[in-house]
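A short write-up of the structure that comes next.
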Amino acid sequence: MSNILQDRIRRAGYKLTPARLAVLQVVEGEHAHLNPGEILDAARAIHPQIGRATVYRTLDLLTQLGIV
């Protein structure tokens, strides 16, 4: 996973929670466009406790930061 993206999130004042890291890892690792449901399924393989709302909030954050 890219340290540059992690640093970007931290510099924006956000914590890198295990759930956020799981979403970031899925988004960064896939070379195809995934919908939020597909991201949720893949992220649950990394962090089983992640919820749908967390995926949507994290995607919103990543969009605001220009990562996705």
Side-chain angles (χ1 to χ4, degrees):
M1 186 177 330
S2 171
N3 287 332
I4 294 169
L5 296 180
Q6 291 179 29
D7 289 342
R8 195 167 171 183
I9 293 168
R10 283 188 188 107
R11 280 194 314 264
Y14 297 95
K15 293 181 182 180
L16 277 172
T17 64
R20 284 184 181 154
L21 287 170
V23 172
L24 187 59
Q25 185 176 341
V26 170
V27 169
E28 197 173 32
E30 288 296 323
H31 299 289
H33 294 285
L34 299 176
N35 66 46
E38 293 168 329
I39 293 171
L40 174 62
D41 291 341
R44 280 189 173 152
I46 300 165
H47 185 69
Q49 298 84 4
I50 195 168
R52 184 173 306 277
T54 300
V55 170
Y56 276 97
R57 284 192 305 268
T58 302
L59 289 173
D60 284 342
L61 172 63
L62 297 177
T63 301
Q64 289 174 22
L65 296 177
I67 294 172
V68 295

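Side chains included, hydrogens not; waters and symmetry mates left out as well; all remaining heavy atoms used.
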Here the gap from Leu34 atom CG to Leu40 atom CG, rounded to the nearest 0.5 Å, amounts to 11.5 Å
Please list every donor-acceptor pair under 3.5 Å in which a side-chain atom of residues 52-60 meets a protein atom from a residue at least two apart or in another chain.
from, atom 1, to, atom 2, distance (Å)
Thr54, OG1, Arg57, NH2, 3.2
Thr58, OG1, Thr54, O, 2.8

Requested in this report: Under the side chain to side chain contact (heavy atoms under 4.5 Å, CB included) rule, what do Val23 and Arg20 come out as? Steps first, then yes or no, please.
Outcome: CA-CA 5 Å; Val23 172; Arg20 284 184 181 154; 5.9 Å; no
- Is the side chain of Glu38 donor-acceptor paired with the backbone N or O of Asn35 at a distance under 3.5 Å, no angle test? yes
ask   = Would you say the side-chain atoms of Arg44 pair up with the backbone N or O of Ile50, donor to acceptor, closer than 3.5 Å?
value = yes
Given the options Leu5, Ile9, Asp7, Leu16 meets side chain to side chain contact (heavy atoms under 4.5 Å, CB included) only with Ile9
So CD of Gln6 and CZ of Arg11: to nearest 0.5 Å the spacing works out to 11.5 Å
| message | Can you confirm whether Arg8 sits close enough to Tyr14 that some side-chain heavy atom of one is under 4.5 Å from a side-chain heavy atom of the other? | response | no
query: So Ile39 and Val27, side chain to side chain contact (heavy atoms under 4.5 Å, CB included) or not? Walk me through it.
result: CA-CA 7 Å; Ile39 293 171; Val27 169; 4.1 Å; yes
CG (Leu21) and NZ (Lys15) are apart, to the nearest 0.5 Å, by 13.0 Å
### Message
What verdict does the side chain to side chain contact (heavy atoms under 4.5 Å, CB included) test give for His47 and Thr17, after you've listed the backbone C-alpha separation in whole Å, the side-chain angles of each residue and the deciding distance to 0.1 Å?
### Response
CA-CA 10 Å; His47 185 69; Thr17 64; over 6 Å; no
